[in-house]
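Only one structure is covered here, and it is reproduced in the block below.
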Amino acid sequence: MIRLGEIQTLIIERKVDFGAYLSAEKGDEEVVLLPSKQLPESAEIGDEVEVFVYRDSKDRLIATTRTPLITLGNIAVLKVCQVNKVGAFLDMGLERDLLLPYHEQTYAVREGDELLVAMYIDKSKRLAATMKVYDYLDKSSPYKADEEVEGLVYEISRNFGAFVAVDMKYSGLIPAREFSGEVKCGETVKARITGVKEDGKLDLSVRKKAYLQMNEDAEAILELIRERKGHLDFSDKASPELIKAECSMSKNAFKRAVGHLMKEGIVTISPDGIDLIKE
């Protein structure tokens, strides 16, 4: 059986002026054309040829000896060549580009963007790309808790958090409780592994361990107070939403950092907010 979207070894059934017809097994009626420009000069009937099978501009199966940048069921980073009314077209290393439909995009893309996508076969039996790569990522990473990793944020959910493809390969998540909106879709982030689930998925945090992060948070708050001429018009009693919007950190992190600044005698808290008292 000839397999769409896969690299496979096929047999030359017959040669014609414009190429050769290949089959999965000698004598099969199902054949695919390998154009003459792709046919090895020494190829003869009965020879085996390694090819990739896709569809041409007229939706006919076509074979090529060129190696694509992505194959069926796998993921790769591809560049956007064009965006039009049906979706985006991605360079997959062949004569024909790969369609990324709008309903398979997790955020708006532009020409020139490089995207992490998976290849699948759509309802029309055509090859297509999706940015919803969650089910295609590997769940068996070699990493352990507290190790530092790098990955691409490919989707963000208010309920779950930020989904990350670690090393463009492994399944990771910055949980909603750890996610303060400081990362965006399409952004590469450095993160710390906070846990490895039984199914192999990685829990991540872009924040350091509490005692290390506290110093950075305290410095960020101090800089904000300086920018506002020594007075911040809210305190650790403010709503989590306000603190997140103003400081890009959780209320707990904010309280820890402010407490640290108070202990050092740098700030004081009043009903009106936080005031700088020492440099």
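Computed from a prediction, not measured in an experiment: that's the story for all the values here. Quick note: numbers below take in every heavy atom, side chains included, and nothing from hydrogens, waters or symmetry partners.
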[atom1] ([X]) with more than 12 external heavy atoms under 6.0 Å:
X	atom1	answer
E25	CD	no
Y102	OH	yes
K255	NZ	no
K79	NZ	no

Less than 4.5 Å apart, any side-chain heavy atom of [X] and any of [Y]?
X	Y	answer
I7	V51	no
L152	V77	no
M168	I75	no
L33	F18	yes
V166	Y143	yes
D275	S270	yes
R256	H260	no
L98	L127	yes

Rounded to the nearest 0.5 Å, how far apart are [atom1] of [X] and [atom2] of [Y]?
X	Y	atom1	atom2	answer
D47	T9	CG	OG1	12.0 Å
D28	E13	CG	CD	7.0 Å
D138	S171	CG	OG	9.0 Å
K184	Y107	NZ	OH	13.0 Å
C185	Y154	SG	OH	10.0 Å
I274	D236	CD1	CG	6.5 Å

Check this for me, if you would: do [X] and [Y] make a salt bridge, where the nitrogen-to-carboxylate-oxygen distance has to be below 4.0 angstrom?
X	Y	answer
K197	D203	yes
R66	E95	yes
K251	E241	no
R226	E219	yes
R126	D59	yes

field: Shortest non-hydrogen contact from A165 toward L137
entry: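 It is CB-CD2, 4.0 Å.
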
_Tell me the closest heavy-atom pair linking L202 and V196, and the distance in Å._
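Scanning both residues completely, I find the closest heavy atoms to be CD2-CG2, 3.8 Å.
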
Is there a donor-acceptor pair under 3.5 Å between the side chain of [X] and the backbone N or O of [Y]?
X	Y	value
E111	Q82	no
E147	K144	yes
R96	D56	yes

Check: Side chains of T130 and E104: do they bring a donor and an acceptor to under 3.5 Å?
Finding: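 E104 and T130 do have a side-chain donor-acceptor pair below 3.5 Å.
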
Open item on the list: Hydrophobic clusters here meaning ILVMFWY residues chained together by side-chain heavy-atom distances under 4.5 Å, can you tell me if V267 and M249 are in one?
Closed with: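 Same cluster: V267 reaches M249 through Ile, Leu, Val, Met, Phe, Trp or Tyr contacts under 4.5 Å.
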
### Query
Are V133 and V149 grouped together when hydrophobic residues (ILVMFWY) are joined by side-chain heavy atoms under 4.5 angstrom apart?
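No, separate clusters.
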
My understanding is that only residues two or more places apart in sequence, or in another chain, count here; which of them pass salt bridge (charged side-chain N to carboxylate O under 4.0 Å, His left out) with [X]?
X	value
R158	none
R55	none
D199	K201

Exercise for review: Evaluate the criterion side chain to side chain donor-acceptor pair (under 3.5 Å) for residue pair N159 and S157; output intermediate values, then yes/no.
Suggested key: CA-CA 5 Å; N159 294 328; S157 163; 4.9 Å; no

- request: Could you walk me through whether T71 and E6 pass side chain to side chain donor-acceptor pair (under 3.5 Å), step by step?
  value: CA-CA 6 Å; T71 57; E6 298 183 40; over 6 Å; no

Check your understanding: Does the side-chain contact (heavy atoms from CB on, under 4.5 Å) test come out yes or no for S23 and I2, once each step is laid out?
Key -> CA-CA 7 Å; S23 64; I2 295 172; 5.5 Å; no

**Request:** Please assess I269 against M262 for the test side-chain contact (heavy atoms from CB on, under 4.5 Å), listing each intermediate value before the final yes or no.
**Result:** CA-CA 8 Å; I269 294 182; M262 289 180 64; 3.4 Å; yes

